[in-house]
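A short worksheet on the structure shown next.
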Amino acid sequence: MKPLLQFLASITVFILAVSATAAEKGILAGAAEQEITPPEGIEIHAARPNVGVRDPLFLRALLLQDPTGTSVAIITADIICSGFSAMDELRERVKQKTGVDEVWFNCSHAHSSRWLRATPPADNRWTEEMIWDEFYEHPLRENPQEAAWNQKVHRAAVEVVAEAKKRLRPATLHAGRAPVQVGFNRRITDANGWTSMGVNRDAPAVPWVNVLAASDPKTKLPFAVLFEHPAHPVTVPPGNNLVSADFPGTAVSRIRQQLGDDVIAMYGQGCCGNINSFPLRTSFADADAAGNKLGEAVLAAMEKSVPIDAKEITLRSKHIKLPTRPLPSPEVIAEWKKQNENHPARMRQLNKMSTALQQGTTPPPRRFDVYGVMLGDQWCLVGMSYETFAEYELWIDQHAPFAHKMVFALTNGGRAYIGTDEALAMGPNGGYEAACLPNWVGHETMSPHLGPPAVGSEKEIHRTFESLWKRP
Ligand SMILES: [Zn+2]
């Protein structure tokens, strides 16, 4: 063989050898955690001064990396919520400091925890959208203790992913599901078509837990367990002023009791927008009962889980804007102004509507993001911003072409609710999560969007989910 051909042949052999080694290698996984319990004295959700800790809050990360180096850090945190400004900032910092390709941050939505906010901008000027996003009632600069905690959580996200990266090791992944339900649909529509909150056992809910476990290929022992089941963590009693992770915290403890304290167990919140845990706001004992039940279901799902042998991670994301419901006529707005003269906050919203009409503009749309991490056609995790209704999770389960599925809402930002088209079409009767004016109980009426999303948003969201796995 001529020297050039010999050289080319040796290169070919070398390339084949390298790709064979890469193909033989599988997924690497690493997991870590850090406690983020806020110190006594600083507020927890609903302006309650925290007087102590019932159970601690954690930030946890599972890092997955494929043989080509593609990596995703899945962070879960015992935090009630976090807006786009905080999430964009945090995710970018984690990517830059740790070199991972993608970072997902899921909030458990535990109601006895705190909001995570963006760090204050250099000029301390917060846009109205940032204030809304971060539920920003008191400037962080006025309370150094709150600012310090906020910074600590931002730092913890970087440190936990960096630690998970250090711990990367060959892993066998298993996916499973078991039946369980710790909550019920909370929307009840009466004979007059009016929707209020209660326990509706007949309306949609997600009756299972999805589990992904990472185990040592030799010992077969799990070292990380990610599980997801949608329900508002609102079982602990109201007005108790103790920090708590609610039922997800107990579920993690139950799993560790069985598998060992060194196993990183992580709870991801699913599409819980219309699901409350049951019973609502009663006792820590009830929260523990719900958490133990969920933990048992996770262990049962692991028992019958199946191995995922796909070796390639595919990451996708899509960002859209959801239009807001069209504005009413100037005459209708004028009438509402007469009724709300003594409500400055409402008058602000109504004046903004008048200005938009005069200028021929529409209310600002909502940013809506979806994310996908896929392992061949065997497993996918679909994540989305906002508190979406359980129907969205059920739709993904029915339509995503993967053997095993997991769904996260409250991921990477967004604030509050996105209902189904059916709920949005109810107009003022649509209840806390979906109602428009003149029902001021509708949560979204006070938003910078001046109302809930427009009817038609559900179909747009379904198309966006599909774009994660459908190629043109
Ligand atoms: Zn909520």
Side-chain angles (χ1 to χ4, degrees), residues 43-48 57 76-84 86-87 105-117 132-137 181-188 195-200 203-206 228-238 243-249 267-282 287 290 322 366 368-369 383-393 407-420 423-424 430-435 441-447 449 452-453 457 461:
E43 268 183 14
I44 50 178
H45 177 58
R48 285 175 292 159
L57 309 184
T76 63
D78 295 314
I79 280 174
I80 183 161
C81 206
S82 192
F84 285 117
M87 288 289 93
F105 192 107
N106 175 279
C107 297
S108 78
H109 207 39
H111 276 47
S112 291
S113 68
R114 276 182 64 83
W115 284 71
L116 176 65
R117 297 162 180 169
W132 174 257
D133 271 357
E134 315 302 341
F135 201 61
Y136 193 65
E137 289 163 333
Q181 201 174 324
V182 304
F184 294 102
N185 197 301
R186 68 187 195 182
R187 289 168 59 81
I188 296 181
T195 301
S196 55
M197 247 189 241
V199 177
N200 187 345
V206 176
E228 168 270 317
H229 173 69
H232 270 66
V234 284
T235 322
V236 300
V243 171
S244 173
D246 212 292
F247 74 81
Y267 170 77
Q269 182 60 269
C271 298
C272 70
N274 51 353
I275 310 292
N276 271 350
S277 56
F278 180 85
L280 177 66
R281 300 196 177 101
T282 48
L322 292 176
R366 275 172 181 73
F368 186 77
D369 297 351
M384 70 198 81
S385 46
Y386 280 93
E387 288 178 55
T388 44
F389 279 20
E391 286 88 336
Y392 287 102
E393 179 156 350
V407 181
F408 279 5
L410 283 140
T411 296
N412 296 353
R415 178 156 194 240
Y417 302 99
I418 306 238
T420 55
L424 295 168
Y432 178 64
E433 302 91 354
V441 168
H443 181 277
E444 301 305 304
T445 58
M446 294 307 290
S447 76
H449 315 285
S457 292
I461 290 171

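Order of listing sets the numbers, starting from 1, for every ligand and every atom in it.
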- Query: Closest heavy-atom contact between F105 and A77?
  - Reply: CZ-CB, 3.6 Å
- Got an N, O or S from C81 under 2.8 Å of the Zn ion (ligand 1)? no
- Task: Ignoring hydrogens and angles, tell me if any N or O in the side chain of H232 forms a donor-acceptor pair with the backbone of S277 under 3.5 Å.
- Result: no
- Message: A side-chain contact here means heavy atoms from C-beta on lying under 4.5 Å apart; do L116 and M87 qualify?
- Response: yes
- So which of the N, O or S atoms of E387 lies nearest the Zn ion (ligand 1)? OE1
- Any N/O/S atom, backbone or side chain, of H232 lying under 2.8 Å from the Zn ion (ligand 1)? yes
- Task: Using a 4.5 Å cut-off on heavy atoms from C-beta on, say whether the side chain of P204 contacts that of N185.
- Result: yes
